[in-house]
Amino acid sequence: MRTRMQRTVVVTVERSIVEQGKGSGTSRGREVRLVFSCALLLLCNHISDQHHLIIIIIIIIIMAAELLRATGGRMEQLKQQTHTSSSSSASSTFTSSSSTKLRKISQGLSKTMEEHSGVQRKTSAVVESFSQVQKSLQIPEGESVPDFEEKLRPITAQEGDNAVFKAKVTGSPKPGVSWERASGSPLSDATKSFYDNINHQHILKIKNLAMEDADVYKCIASNEHGEATYSVSLFVTENPALDLKKKLKKRSTEKRREEKKPPTEEEMLKILAGADKKDYERICAEYGFTDFRGILKKLKEMKKKVEVEMVRVLKPLEDITAKADTNVVFDTILELKDPNIRMHWFLGAELLRIQYSLGKYEVKQMGTKHMLCISSVGLSDMGTYTLQVGDKRLSARLNVIDEPLKFLCDFKPKKVTERQTAVFEVRLSKKTDAPLIWKVNGKEVKRDEKFNISLSDDGLTYTLKIKDVKVSDTGDYTINIGDLTAIVPLFIERIPIKFISHLKNVRVQERGKARLECEMSSKDVHIRWLKDGCDISASRRYVFDNDEHKYVTSANLIVDERFASVKSGMSDTQCPTGSSAELCVVLDDEKVEGVWLKDGVEISEMSGVQVVKQGAIHKLIFSSVTDAHEGKYTFRAKGAESEAVLTIADPPEIESSVLDLFAAQPVTVKRGQTATIKIPFKGKPLPKVTWYKDGVEVMEDERTKVERTADSTTLVLSRCVREDSGTVMLRLKSDCGTAVATLHLNVIATPRESEFLELSGRCIEMKWKAPRDNGGKQVTKFVIERRTAGKKSWTRVGEVESSTTVFSDDKVDEGQAYQYRIRAVNAEGMSEPLETEEVRAGEPVEPPGPAPQPQVSNVTKNTMTVSWMPPGHDGGAPVLGYILERRKKSSNMWLQVNKELLTETKLTVDGLVDGVEYEFRVISVNRAGAGSPSAISNAMLAKDPIRAPGLVRNLCVSDSTNSSISLRWTPPDQGDEPSGYILEVCSDDAKGWIKATRIPIAATAFTVGGLQERMKCQFRIRAVNEGGVGEPIELMEGVLAMPPPVAPRFDLQGKLQNQMVVRAGTALRLNFSFTASPPPVVTWLKDGIVTAGREVITKSNNHSQFLISSCQRSDSGVYSINLKNDYGEAHYDVNVRVTDFPRPPKNLSLQEEVPGTVTLQWDHTPDLADEDGGAHYVILKRDTSTSSWFTVAERVYSSKYTVTGLLPGRRYYFRVIAQNFIGDSDPLDSKEPLIIAKEKECLSGLQLRKYISPPRQVKPAFLLPLKDHAVFRGHDCTMSCAYQGMPTPQACWYKGDSKISDSPRFWHSTANGVCTLVIPTCAAKDGGEYTLVLENPLGMAKCSCNLVVFDKDDKVLLDSLTNQAKKEKLIL
């Protein structure tokens, strides 16, 4: 029954799906039908409840219908987008499948749907696409259409989470960016778009996602040349915890068909698994679940079990015990569910920085096996190592065993020849921090020019070099390091001493330097010098030695008298007292002495005078010239004399006390008396004296006299009058300077006969006496005039009768000062006026004092606000107002800002010019007038306020060394331009941040020095300007003070050589400079094998030396130096050839095969096989009648030679010498003389007629021509050919078109019909064509060949030349 019903349901659903899918295409309908048919069969097999089955079938039919409609809509949308994108310049479309949210039909079915379907997603039908449209037909160079450098990515998130879209846009001009939703809906309130200045990205952020936020989001970038659009979908999935409220609301609205049943414990665990911890209690209360603590405990256990299963340990870490300088590996086997889980290794509590360990630590993984490799462990590496994987921690301990320190070398007595270098080498079993101390005869050896102490790069080999050893260096050398001690005796072999050059007779002039010298074979000898048999060894040179032998050499010394002439003489000198002076004479001979005289008397001792001789320069130096030093000075020498006069020239000077006295109080005399003004002075020579009165020069007359002495001057004024009052000035002038004294002369008279009876603010009343002399006529009236203080004009204010001598002036201003004058009038006219002193009406009123310095604030480019405080002194009357003035900085012109008096103490000044600095001052005003101006305000620049700078960008490390770290950065692009940067450093052992400089850094790069090697530092930087300090930006990780990794490379500026020739017995020294970081491992090879002989190798971080103090022939070969570190490898080869005098040949035999000739034959010297040595033989002969040897032949290379031209009946000795460019070997002589047989006598009766052969002449021709040659570079080449010709032709050699017969570079010979050319030590430039030309009177013949010079490394050319040599085309 059930099976039949299931089939019926399936057929019914299929028909419904077919009906729904008719409009969606045949293929799509078949796919949907097939999928849902399978789903129905599965559901029918598992759901027994018919009611639930019918509801699920209805849901499936609805889902199929929605899916088919969505598919149809999608096809229409794809068609529209395809049509739209065809008009754009570039577009690409990516489609992704969509899913549909299952809506729950009833409350009772919700739990079943959760169990079978899980959490599903909701989204619209979307397209992830990119399109680009170009608007401009032609785009200028340097500009472009907007484009996406970093494209958006689809996002899937749960309800309540945040979603962030990021895009990086390019284009010129800079495009504008906007965000839209494809559905046309506006962006939600929780959506925020902004621009990230640091990463240069446009960001769209959506907070607290809701199901309605699922859509296609478009990022649109546009400028004047086009537009680019990138669309991407946002998928939002349901959050079971958040969806709970919806379920509860839906349940409350429906009718309660059944009572609420609390969920089971398993169901509650599933519900809480997807919710936040803060919502646990609320969810349990809503579901009516009461065992809250129990469910929390089981939830924690469930999560812990899941977490534990993330990391499963199959093999833990194990403790390791290892020896020092060995490699150690910690390994563990882990089963990880997440292969990307992070792992961290710790030593103790410190995280191991694997990438900065320079190969010290290395992490490896082989399947499930995880390893930490530690190289060259030491005591500092001992400790507990921990591996942290997630929350899992595995630990193991490393114990390092340190072996005892010991010597690894034998200490044998060392024997060195005098003047050579003695080398002691000590190798230790391990590195140690204890210092190694060298001692000789109990005294510690310090490093200096003689002793060189070095340590190898591996820290195990100590070397002591004693340069230029002497017999005194003999002794026991002790090595101390820690508790170890060793003694090595040093013995010095003496070199026989002899005179290499003897003393020679010397002839010098008087007082000249005589140099007697001789050269000895050793400098470590005791010298005694004798003059006429007397010992003069107590001179400047002492050298001691214990030589028992005595050597003598002598010479004669003749001394001639010396004369000189003046090259540069003295000149007269003037100088002030107390100053320094110098008289100088230059002679043409520095050996001649001289004498100084003053006024004809020789100077022996004089205070403050020093006699100096500097070669040919003679000086008389005065430290402080006084009157005693004046005079005539003379310098006399043999054949030379010079004179000069020294005089003192002091500028005029008036004592400061006199000047202070005149400045403090004037010279006062009464009218009619005599004024005498005397001023003392100093000066040499006497200055010119000039007196001035009110700026006019005083001339002598009856009343005025000027007196002068050597040290003073006096001005005498007799019968002084009031008009003599004024400023008197004295001026003293000479060639050395000028002095001025100023004083005030005040001539006083008897008081005027007038007085004031009343002084008030309204009236001034005065009284006077009538004149004693009325001029012979009666005084008729008195006229009164006045003037305001400071004015020059007088105003008539009234007149009174002659009987009245009182006058009241009531037309006055209170506080104003006045001056009055009164004249008596008679019939003849007016008398001289009687002037009063200045009087003030009422209480005196003064202008106000200066106000305090004004302050400037609220500065913009057009305005400034100036404020000030009232003056401290108002002058006795209230301040009526203020006058504000301004000026440009460095200008003298003040401009009044306000037209009317300001009553406030603050004013905003406008109309300023942008970029100009202004200064302000304030003047207070009362009824007495304007007061003194205030102090000038600080200069302020008219500009808008400065904003603090933004974040510094792109802070990074540009370089680093063992003691410094270099940083660079980019200025911020927000805020105003910074004036500098504040860089702060924080090392591991520091308590806080420390400024790297006292003042801000102006540049965008800086090097922090003075760091310890491998010190780890953190850095942060802030921009600063007048507007304030910006926010700091910090490097993400600490930086170690160590140089950046560099592969090894050689310093090619050191002029490295590929070829090197060394004479046997001398030192072979190879020096190489290089750069590498970390320091490389240096290996020396000889012919491809590591050297381990008599050499001494010195190594440092950037230099290495290979030294053989006394080389041998066996040391010849190719020496290679290899440099290797973790970042690369380099090598260099040097071909070393050790040469010496050749060894002599052996077994000389003589044989006379042809009358008059002797054939010599001998065994080759072993050195002839050395092609690089250029060894050959020289044949000599000697008649027994003489002791002189004569050369028979040179450059003989065979072991057989025939000597011709011997005289019959003579006895000859023969000698063979091997020769190379170093020198000759010991000779090989014939033991017995060889007697040349005489010709046999003819028969006595036989008369033979002498046969005379006719003369024979032959044109030059080659019998055996030249052949092509090929030689290694650095080897010799010998070319030879056979010829005929009579008379003997002249041979001439050419290389190309250049004649080389006369060049000393080549050697050639022509003898016995054979021409030979020898090219020593061939180089690449010697390759080419060589031509031999033979010429005699009958004609000329030519013959040419080619020479090829090649390297041993050139295998291709070598193989080609070998094949040619086999075919006999050239000589190899």
Side-chain angles (χ1 to χ4, degrees), residues 408-427 438 449-458 460-470 473 477 488 490-493 495 1050-1051 1054-1074 1080-1100 1102-1123 1131-1143 1166-1167 1169-1170 1172-1173 1220-1223 1274:
L408 298 182
C409 54
D410 297 332
F411 298 102
K412 298 180 180 180
K414 188 171 290 290
K415 194 173 183 180
V416 182
T417 306
E418 184 183 11
R419 300 184 68 178
Q420 297 295 323
T421 299
V423 180
F424 294 96
E425 190 173 273
V426 178
R427 187 162 182 85
W438 297 86
E449 294 181 355
K450 183 175 182 64
F451 297 97
N452 183 14
I453 302 173
S454 60
L455 175 63
S456 62
D457 291 341
D458 58 6
L460 299 177
T461 303
Y462 292 82
T463 305
L464 171 65
K465 294 182 181 180
I466 310 172
K467 303 176 184 178
D468 194 17
V469 296
K470 303 177 183 178
D473 295 325
Y477 286 77
V488 182
L490 176 63
F491 301 99
I492 308 299
E493 290 185 351
I495 299 176
F1050 289 95
D1051 183 6
K1055 299 181 180 179
L1056 302 179
Q1057 299 178 352
N1058 296 88
Q1059 302 285 337
M1060 192 172 183
V1061 179
V1062 183
R1063 182 173 175 178
T1066 60
L1068 169 59
R1069 181 178 285 102
L1070 302 176
N1071 289 292
F1072 286 90
S1073 297
F1074 50 82
V1081 177
V1082 182
T1083 306
W1084 285 90
L1085 305 174
K1086 179 179 181 292
D1087 297 328
I1089 302 174
V1090 178
T1091 59
R1094 299 173 292 104
E1095 72 279 353
V1096 176
I1097 298 176
T1098 304
K1099 304 174 183 177
S1100 66
N1102 55 7
H1103 180 267
S1104 182
Q1105 175 181 278
F1106 182 92
L1107 173 66
I1108 299 178
S1109 56
S1110 180
C1111 58
Q1112 304 172 358
R1113 289 177 180 270
S1114 60
D1115 294 325
S1116 298
V1118 178
Y1119 287 82
S1120 303
I1121 176 173
N1122 288 347
L1123 309 176
H1131 73 278
Y1132 196 88
D1133 298 337
V1134 179
N1135 189 2
V1136 177
R1137 180 158 55 94
V1138 181
T1139 60
D1140 200 355
F1141 295 105
R1143 285 165 284 187
D1167 300 323
D1170 184 6
D1172 296 334
N1220 63 9
F1221 66 90
I1222 297 296

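K1086 places no side-chain N or O within donor-acceptor distance of the main-chain N or O of V1118, the cut-off being under 3.5 Å. No donor-acceptor distance shorter than 3.5 angstrom exists from the side chain of S456 to the backbone of K1099, with no hydrogens or angles considered. A donor-acceptor pair under 3.5 Å links the side-chain atoms of S1100 to the main chain of H1103, judged by distance alone. The closest donor-acceptor contact from the side chain of N1220 to the backbone of D1140 lies under 3.5 Å. At distances below 3.5 Å, not a single donor-acceptor pair connects side-chain atoms of S1109 with backbone N or O atoms of A1067.
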Problem set entry | Stepwise side chain to side chain contact (heavy atoms under 4.5 Å, CB included) test for Y1119 and N1135 | CA-CA 6 Å; Y1119 287 82; N1135 189 2; over 6 Å; no
Problem set entry | CA sep, side-chain torsions, deciding dist, call: V488, F424, side chain to side chain contact (heavy atoms under 4.5 Å, CB included) | CA-CA 9 Å; V488 182; F424 294 96; 3.5 Å; yes
For this session: Could you check W438 against I453 for side chain to side chain contact (heavy atoms under 4.5 Å, CB included), going step by step and ending with a plain yes or no?
Result: CA-CA 9 Å; W438 297 86; I453 302 173; 4.0 Å; yes
Exercise. Does the pair T463 and T1098 meet the rule for a side chain to side chain contact (heavy atoms under 4.5 Å, CB included), with working shown?
Worked result: CA-CA 8 Å; T463 305; T1098 304; 5.6 Å; no
Exercise. Does the salt bridge (charged side-chain N to carboxylate O under 4.0 Å, His left out) test come out yes or no for E418 and K470, once each step is laid out?
Worked result: CA-CA 6 Å; E418 184 183 11; K470 303 177 183 178; over 6 Å; no
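Between T1091 and F1106, the closest side-chain pair of non-hydrogen atoms falls below 4.5 Å. The shortest distance between side-chain heavy atoms of Q420 and K467 does not fall below 4.5 Å. Using a 4.5 Å heavy-atom cutoff, the side chains of L464 and Y477 are in contact. Contact annotation: the side chain of W1084 never approaches that of E1095 to less than 4.5 Å [non-hydrogen atoms, C-beta and beyond]. Counting heavy atoms from C-beta on, the side chains of F1141 and R1063 come closer than 4.5 Å. Side chains of K450 and I466 form a contact here, defined as non-hydrogen atoms less than 4.5 Å apart. With a 4.5 Å cut-off on side-chain heavy atoms, D473 and F491 do not count as touching. Side-chain contact check for I1097 versus S1104: some heavy-atom pair is nearer than 4.5 Å.
Using a 30° and 60° split on the angle between ring planes, F1050 and F1074 fall in the perpendicular class, above 60°.
Rounding to the nearest 0.5 Å places CD1 of I1121 at 10.5 Å from CG of D1133. How far OH of Y1132 is from CG of L1070: 11.0 Å, rounded to the nearest 0.5 Å. A distance of 14.5 Å separates CZ of R1137 from CG of D1115, quoted to the nearest 0.5 Å. Interatomic distance, OG1 of T417 versus CD of E493, reported as 4.5 Å (0.5 Å rounding). The line from CG of L1107 to CG of L1068 is 7.5 Å long, rounded to the nearest 0.5 Å. The line from OG1 of T421 to NZ of K465 is 8.0 Å long, rounded to the nearest 0.5 Å.
Of all non-hydrogen atoms in C1111 and V1062, the two that sit nearest each other are SG-CG1, 3.5 Å. Here the closest non-hydrogen pair linking N1071 and Q1105 is OD1-OE1, 2.8 Å. Shortest non-hydrogen contact noted between P1142 and G1223 is CD-O, 3.5 Å.
Using modelled atom types, one finds a donor on one side chain and an acceptor on the other under 3.5 Å when comparing T461 with R427.
If you run side chain to side chain contact (heavy atoms under 4.5 Å, CB included) between L1123 and each of V1081, V1082, T1083, only V1082 comes through.
Around atom NZ of K415, no more than 12 heavy atoms belonging to other residues, nucleotides or ligands sit under 6.0 Å away.
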